[in-house]
Amino acid sequence: MSKNLSLGINIVLAIAVIILYFLHFSKSEGSQPTAVKNEVATATNDSMPIGPVPIIENVGANSGKVVYVNYDSLMENYDFYKKISKDLEGKLKNTETELMAKQKKLEEDYQQYQQNQAMMTEQHRATKEQQLMLDNQKLVELRDRKSQQLASQEKELNDKLLSNLYGYFRKLAVQNNFSYILTYKKGVPGVLYGSDSLDITKTVVQGLNKEYNEGKKK
C-alpha cells in the first residue's frame, strides 16, 4: 500500500479549520468603528441614503461634543448585523455538511479498498489507489475553494456593515454637532470609562434599525 495514499487520506481531516472564517467574522476587532470626525461628515459616497437622523437630547453638558456607542450592545441589537451573521452561519453549516459527507464517502471507499486489496490484481490495486488519490485531491481542492468563498463573502458583508455604520455616524455627527463618536468594547483597550449621559447606543440602534427596515421595503 502506498504511503503517499495513506498520508493523502489524512489531509482531509483538516476540514474543520473552515470554521475559523465564521469565528473571525463574529469577533473581528477590525470591524469596530473607532471615531468619526465632524469634518468628514460631508462625504457623499455613503451606501445608505441621506435621511433624517435623531437629535439627541440631554447629552452631558460638559461632554465637549464627544459621545460613545457600546459596541457589544450595538452588534447584539442591530438587525442588519444579526441577519448577515445568521446568513453566514447558515452557509458555513451547509459547507461543513457537504465536506463532511464527501469525506465520509472517501473514508468508506478507502476502508473497502483495504479489505479487498489482497484479492485484487496488481493493476487493479494501482488503478484503485490512483482513483482514491484523485478523489482525495478533489476534496482538498473543494475545501480550499469553499474556504475562499466564505472568506470573500465575509469580507463583502463586513464592508457593507462598516459602510452602514460609518454612513449613519457621519449623518448623526452633523445633525448633533458631535466632534467625535467613540466606541466602547469590554476587554478592548480604548474608552476605559464612559458616563451614562454620553452613551447614545440605544438611540443609534433605533435609528440604524429604522433605516435598515425601511430600506428592505423599497
To the nearest 0.5 Å, tell me how far [X] [atom1] sits from [Y] [atom2].
X	Y	atom1	atom2	value
Glu96	Leu92	CD	CG	6.0 Å
Lys138	Leu106	NZ	CG	11.5 Å
Thr95	Arg145	OG1	CZ	11.0 Å
Met120	Arg125	CE	CZ	8.5 Å
Lys91	Leu150	NZ	CG	8.0 Å
Asp109	Lys128	CG	NZ	5.0 Å

Suppose we screen for side chain to side chain donor-acceptor pair (under 3.5 Å). Which residues come up paired with [X], at least two apart in sequence or across chains?
X	result
Asn94	none
Gln137	Glu141
Lys83	Asp87
Asp159	Lys155

Exercise for review: Can you establish whether the number of heavy atoms outside Gln130 located under 6.0 Å from its atom CD is more than 12?
Suggested key: no
Review point. Does CD in Glu108 sit with more than 12 non-hydrogen atoms of other residues, nucleotides or ligands closer than 6.0 Å?
Key: yes
For the residue pair [X] and [Y], establish whether any side-chain heavy-atom pair is separated by less than 4.5 Å.
X	Y	answer
Lys160	Glu156	no
Asn158	Ile84	no
Asp135	Lys105	no
Arg143	Val140	yes
Leu198	Val66	no

**Study point:** Step-by-step side chain to side chain contact (heavy atoms under 4.5 Å, CB included) determination, Asp199 to Tyr68
**Key:** CA-CA 5 Å; Asp199 187 352; Tyr68 74 93; 3.5 Å; yes
Check your understanding: Should Tyr110 and Leu134 be counted in the same cluster of Ile, Leu, Val, Met, Phe, Trp and Tyr side chains packed under 4.5 Å apart?
Key -> no
Check [X] against [Y] and note the closest heavy-atom contact, atom names and distance.
X	Y	result
Met75	Tyr81	O-CD2, 3.1 Å
Phe169	Val204	CE2-CG1, 3.6 Å
Tyr168	Thr203	OH-O, 4.3 Å
Leu172	Phe178	O-CD1, 4.0 Å
Leu74	Leu165	CD2-CD2, 4.0 Å
Tyr78	Asn209	CD1-OD1, 3.3 Å

**Study point:** salt bridge (charged side-chain N to carboxylate O under 4.0 Å, His left out) involving Glu98 - partner list, sequence neighbours excluded
**Key:** Lys146
Point to revise | Check ion pair Lys93-Glu89 (N to O, under 4.0 angstrom) | key: yes
Study note, to complete from the structure: Applied to residues 68-82, the salt bridge (Lys or Arg N to Asp or Glu O under 4.0 Å) test, sequence neighbours excluded, yields Asp72-Lys185, Asp79-Lys82
Review point. Is Thr201 reaching over with its side chain to a backbone N or O of Asn70, donor-acceptor style, under 3.5 angstrom?
Key: yes
